[in-house]
Amino acid sequence: MSTVKIEIEDGEFREYETGITAGDVIRDIHGRKSGVVATLIDGIEKDMSTVLESNCKIEPIDGESDAGLYILRHSCAHLLAQAVTQLYPDAKPTIGPPIEHGFYYDFFMQPVGDEELKKIEEQMKEIMKKNLPIVREEHTNDSLRKMFGGNKFKTEIMDDKIGYEVGSTAYRQGEFVDLCRGPHVESTSQIRWFKLTSSSQAYWRADSKRESLTRIYGMCYATKEGLRNREKQIQEAAKRDHKKIGREMELYMIDEMIGKGLPVWLPNGEILKSSIEAFAIKTEEEYGYQRVTTPVLGKKQLFEASGHLPHYAEGMYPPMEMDDGIYYLKAMNCPMHHLIYRNKKRSYRDLPLRIAEYGTVYRNEMSGTLAGLLRVRMLSMNDAHIYCTLEQVAQEFANNIKMVQDYYSAFGFEDYYFRLSLWDSENTEKYIDQPENWEATQNHLRKILDDLGVSYIESIGEAAFYGPKVDIQFTTTIGREESMSTIQLDFAAKERFGLKYTDETGIENGEVFVIHRAPLSTHERFVAFLTEHWSGNFPTWLSPIQVQIITISEKHKKYAKMVSEKLLKSGIRVKIDDSDNTIGKKIRLHRKMRPAYMAIIGDEESENMTISVRARNGLQRNGIPLDEFVQEIEKEIHNRKTTLDIVPEE
RNA sequence: GCCUCAGUAGCUCAGCCCGGUAGAGCAUCUGAUUUGUAAUCAGACGGUCGGGGGUUCGACUCCCUCCUGGGGCUCCA
C-alpha cells in the first residue's frame, strides 16, 4: 500500500496511507473536538474532506481564527439559504457572502418580516441538528448550467465568473445545493452559534435598475461566548448612540416641521460646536489661514463654471427662479472662494493662499440616507481652500495631515485610517474628463503619502469629481464606516475659473492647484462621533456643563450662589441645583447630563470655603479649597486635557 | 428616491393578537419634608394613541394611504 508524507508542523512529518482525508489527519493530530473548521494544504484553504494523494503540508484552520470564522459564516449563509428554500420554494438564492461578524444572503423573493425571520432561524436550527454532511461536488460547466439553469442570477454569475470550459464546484447539504467555490465546514451541526438579525431590500448587483432582492443578515460565531460577546457589544453600542445621548443631554433636536436632515443645535450642542470652532479658528490662524464669509446661494452660472451642475447636480437642491435669474443653494464653498482668489491679481508672493470659511453648505441627500447628526442636509463646515503651485502641494498636504492628526489627538480619537480615493477610469462620466491629469495627480498624492510615511489604503471610485483625495476614515460604534476628514487635490479649477498668478519673472502663470480640505468633517458628523466616542462624557474643555453644583440643604443656597459666581467669572460653565430633593436624587438626575464634575456643598464646605468634587466615575475628593479648584479646572480646560484630573482615579 | 420594521404623555414602555372608547414609572407643577452621595412622601397636570381615509352600531386595536424614525440599498462629510 502506498503512503503519503505529510508535514504537520515545520520540519515534522508523518506518513499516512494514500487516500486519507485532510480531516482524518487533523483529527489524528489535534483530536476530535479541536474546533478546526477547514485546513490549509500547502497554504491553500481546502475542505476537511480533501483526499490526500501526494506529499503535502497540512495546517489546521481554527474556527475562531479570522479565516476560520470566514468559512464558518460562509457555511452559515448556505444554511440560511437551505432554510429559506425549504420554507419558500419559489425563493431564488443569489449571493451570500460572509461579512464582519456574520453573513448575509440575497434572495429573489417576497420581503420577510420579523416573524418570518424567527421561523427561518428555527428552520436553520432544525437543519443544524440533522447534522447533514456538506459535500463538495465538481461539475462541468454543462452540468452546472443544468443544475442552476432555473435561477437567472446564478446563471449570470456563471456567465461572469466561470470560463466556459473549466467548470466549477457546488456544495450539497441534504437536498440543497449551491454554486460555490468553498471551502466549507464538514457538516451543518458545526454551525451552532448564529442568529438572524435583520432583513432589508438590496438591488441585484447594487444597481437600482435591476431586481430588488430580499437580503437577510445574520451573525455567526465559533463559540457561544463569541456570539454572546457580540450581542453585548451591540447593546453597549446602543448606549453610546449619539441620537440617544443627544436627546438625554439636549444637544440637538430634529423637528419634522423644519424638515428631516436639518438638525437644530440646542444650547448644550451649540457649546460643543462653538468650542470646536474656537479651537479650529485658533489653530488655523497659526497655520496661516484667512477667514471669509460667502453667501449660501449663488447663480446657476457659478455652479456651471465650477462643474457642479454637470457633475454634482443630484447632490444640489433644486433651482430657485428669481426675477433676475436662477439661483442654487451652495453644496460647496469652493466656487465662491475661487472668485475671491480671482478678485485681484495674485503674485507668487501670495501663494500659498489659504482661504477658510465657517459656514453651512446644503446637499440634497436622499431622504432614506439621513441619520441623526451623521448624515444631514445642512452641513456646518470648517472649510478651506488652498491655492498654490504644484511644488507647494506636498508641503500643504503634509501640513494638513499633521493638522488632522493633532486635532484627533486633542479630541481623543485614535482609531482611524487614511484612504487615498482615486477616480474610476471605467466609469468616467462621474469625473472631469482629463485622464492624464487624473493619473498625474493621483501619482503625486501617492508619493506625498509615501514620503510622509503614512500608511493608507487605496480605493477606486471614491474621488471627488474634480480630483483625487485623501480621506480619513472612521468606524462608528455600530460598525458603519464613514469619512471624517478629507483633503482633496483639484486640478480642474484653474482652467474653469482662470486662476492665475504672476511668477518671479513677471510672467502670468496658470498652474494654480487648489486643495480643498475639511479636517473636522462637518460639525454635525464630528459631534456625533465625539458623542459616541466619549459616550457623552466629554473632556472638561468640551463638556456643556463643566460643574454642576448640588446643595445639601436650603442653608447652603447662598454659598452655592457665591461658588457659582466665582466659577462663572473664570469662564467656567456652571449650573446650580438647590432644589429640595435629597442629594442622592440630585446626583441621580444630573448624571444624565454628564457634567464633568459635580460640586457638593454642605455645612463643611460653606464653613471652610471649600467644595467637595465628585467625578463621573463616582470617585470624590472632599474639601478642596475653592481657589485651588478654580485654578485646577482652568488649567484642565486651557490645556484641553482629555482626562479628568481633579479627582484622582484610584 | 427604493425596500423593510416601527410610531401610544416631555422620556422609557404596557394595552393591539381576540374591536366596547387609554395605563404605569420617570420628568414637570403644588404641598409636606431640610436632607451628606445612584429614586423622601402625597396630590395635580399631561394623550383628538403620528396625520388622513375606509370597514363597523362602535377603531389605539382590522384595512388603505401619507408623514416621521430605525435598519438596508444607492450616495456621501
Side-chain angles (χ1 to χ4, degrees), chain A residues 104 106 110-117 197-217 238 241 243-244 247-248 250 253-257 259-261 312 314-315 331-332 361 363-377 379-383 421 430 461-462 464 469 471-474 478 480-486 488 516-526 528-529 550-557 578-592 598 600-605 612 614 618-620 622:
Chain A
Y104 68 82
D106 286 345
Q110 287 305 301
V112 296
D114 285 352
E115 278 173 30
E116 287 147 305
L117 226 47
T197 47
S198 63
S199 77
S200 68
Q201 296 296 111
Y203 298 110
W204 172 238
R205 308 229 144 152
D207 181 349
S208 59
K209 292 177 204 77
R210 302 293 307 267
E211 294 83 351
S212 183
L213 306 173
T214 296
R215 174 172 296 181
I216 298 176
Y217 283 91
D241 187 335
K243 296 188 286 299
K244 176 182 177 298
R247 192 167 44 234
E248 284 178 358
E250 297 175 14
M253 58 174 250
I254 292 176
D255 192 295
E256 60 186 81
M257 274 186 94
K260 44 181 172 178
Y312 198 76
E314 76 287 357
M332 297 180 192
V361 297
R363 297 189 188 170
N364 187 13
E365 296 293 336
M366 284 186 288
S367 59
T369 67
L370 303 172
L373 290 177
L374 272 177
R375 174 150 289 113
V376 295
R377 282 177 167 167
L379 300 73
S380 311
M381 273 214 283
N382 167 219
D383 197 13
S421 300
K430 271 171 73 180
E462 297 287 350
K469 53 183 185 164
D471 293 317
I472 296 91
Q473 301 296 110
F474 269 72
I478 53 168
R480 189 172 17 205
E481 191 190 294
E482 301 276 7
S483 289
M484 273 283 262
S485 309
T486 182
Q488 316 176 340
H516 306 238
R517 37 112 282 168
L520 293 173
S521 189
T522 63
H523 292 314
E524 290 77 15
R525 182 171 290 181
F526 198 81
F529 270 101
I550 290 174
T551 55
I552 302 267
S553 86
E554 248 171 35
K555 288 182 287 181
H556 313 113
K557 277 191 180 182
D578 54 11
S579 66
D580 55 2
N581 282 323
T582 60
I583 179 163
K585 176 135 182 191
K586 288 195 230 184
I587 288 173
R588 190 184 167 82
L589 288 180
H590 289 291
R591 247 165 46 93
K592 178 177 86 146
M598 294 195 202
I600 313 283
I601 284 174
D603 285 343
E604 276 184 37
E605 288 80 7
S612 292
R614 183 190 160 99
L619 291 174
Q620 191 160 325
N622 292 335

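Note on naming: letters A, B, ... go to the chains in the order of the sequence lines (proteins, then strands), and numbering restarts at 1 for each one.
No salt bridge links Glu256(A) with Lys260(A); every basic N to acidic carboxylate O contact stays at or beyond 4.0 Å.
Judged as a side-chain contact (heavy atoms from CB on, under 4.5 Å), and not counting sequence neighbours, the contacts of Asp383(A) are Asn333(A), Met381(A), His385(A). Every residue meeting the ring pair (Phe, Tyr, Trp, His ring centres under 6.0 Å) condition with Tyr104(A), not counting sequence neighbours, appears here in chain and number order: Tyr217(A). A search for side-chain hydrogen bond (donor to acceptor under 3.5 Å, both in side chains) contacts involving Glu365(A) returns nothing, not counting sequence neighbours. Under the side-chain hydrogen bond (donor to acceptor under 3.5 Å, both in side chains) criterion, Asp106(A) pairs with Arg215(A), not counting sequence neighbours. Evaluation of the side-chain hydrogen bond (donor to acceptor under 3.5 Å, both in side chains) rule for Ser367(A) yields no partner, not counting sequence neighbours. Under the rule for a side-chain contact (heavy atoms from CB on, under 4.5 Å), the partners of Gln620(A) that lie at least two apart in sequence or sit in another chain are Ile600(A), Ser612(A), Arg614(A), Asn622(A). With sequence neighbours excluded, the residues satisfying side-chain contact (heavy atoms from CB on, under 4.5 Å) with Gln473(A) are Tyr417(A), Arg419(A), Asp471(A), Glu481(A), Ser483(A). Applying the side-chain contact (heavy atoms from CB on, under 4.5 Å) criterion to Leu373(A), with sequence neighbours excluded, gives His242(A), Tyr252(A), Pro263(A), Trp265(A), Glu524(A), Val527(A), Ala528(A). In terms of the side-chain hydrogen bond (donor to acceptor under 3.5 Å, both in side chains) criterion, residue partners of Thr551(A) (sequence neighbours excluded) are, by chain and number, Lys586(A).
Between Asp603(A) and Lys555(A) there is a side-chain heavy-atom pair separated by less than 4.5 Å.
Using N1 to N3 plus N6-O4 or O6-N4 for Watson-Crick, or N1-O2 and O6-N3 for G-U wobble, each under 3.5 Å, rA59(B) pairs with nothing. Nucleotide rU40(B) forms a pair with rA32(B), judged by Watson-Crick or G-U wobble geometry with both contacts under 3.5 Å. Nucleotide rA6(B) forms a pair with rU68(B), judged by Watson-Crick or G-U wobble geometry with both contacts under 3.5 Å. Applying the Watson-Crick and G-U wobble criteria (two distances, each under 3.5 Å), rU48(B) pairs with nothing in any strand.
Nearer the 5' end of RNA chain B, as judged by each residue's closest nucleotide, is the contact made by Arg215(A), out of Gln473(A) and Arg215(A). Mapping Leu213(A) and Gly584(A) onto RNA chain B by nearest heavy atom places Leu213(A) at the nucleotide closer to the 5' end.
With hydrogens and angles left out, the side chain of Thr522(A) and the base of rA77(B) share a donor-acceptor pair within 3.5 Å. Counting distance only, with no hydrogens placed and no angle test, the side-chain atoms of Glu605(A) and the base atoms of rG36(B) include a donor-acceptor pair under 3.5 Å.
Within the nucleic acid shown, Asp603(A) comes within 4.0 Å of at least one base atom, counting heavy atoms only. Note on Lys592(A): nothing from the nucleic acid sits closer than 4.0 angstrom, heavy atoms only. In this structure, Glu524(A) reaches neither bases nor backbone, as no heavy-atom distance under 4.0 Å exists between it and the strands shown. No engagement by Glu248(A) is indicated, since no non-hydrogen atom pair under 4.0 Å with the nucleic acid exists. Looking at heavy-atom distances under 4.0 Å, Ile550(A) makes no contact with the nucleic acid at all. The residue Gly461(A) sits apart from the nucleic acid: no heavy atom pair falls under 4.0 Å. Using a 4.0 Å heavy-atom criterion, one finds that Met598(A) contacts no nucleic acid atom at all. Heavy atoms of Thr197(A) sit nowhere under 4.0 angstrom from any nucleic acid atom. Tyr217(A) comes within 4.0 angstrom of sugar-phosphate atoms only, judged by non-hydrogen atoms across all strands, and of no base.
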Name the pairs: protein N/O against N/O of nucleotides 66-68 of chain B, kept only if under 3.5 Å.
from, atom 1, to, atom 2, distance (Å)
rU68(B), OP2, Lys260(A), NZ, 3.4

Look for any protein N or O under 3.5 Å of an N or O in nucleotides 8-12 of chain B and output each such pair with its distance, or none.
from, atom 1, to, atom 2, distance (Å)
rU12(B), OP1, Arg247(A), NH2, 3.0

Check nucleotides 26-30 of chain B for protein N or O atoms closer than 3.5 Å to its own N or O atoms and list the pairs.
from, atom 1, to, atom 2, distance (Å)
rA27(B), OP1, Lys585(A), NZ, 2.9

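In the model, His523(A) has no side-chain atom that pairs as donor or acceptor with a side-chain atom of Asn382(A) under 3.5 Å.
One finds no side-chain N or O of Thr369(A) lying less than 4.0 angstrom from the OP1 or OP2 phosphate oxygen of rU74(B).
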Between Asn364(A) and Arg377(A), does the side chain to side chain contact (heavy atoms under 4.5 Å, CB included) criterion hold? Intermediate values first, please. CA-CA 6 Å; Asn364(A) 187 13; Arg377(A) 282 177 167 167; 4.0 Å; yes

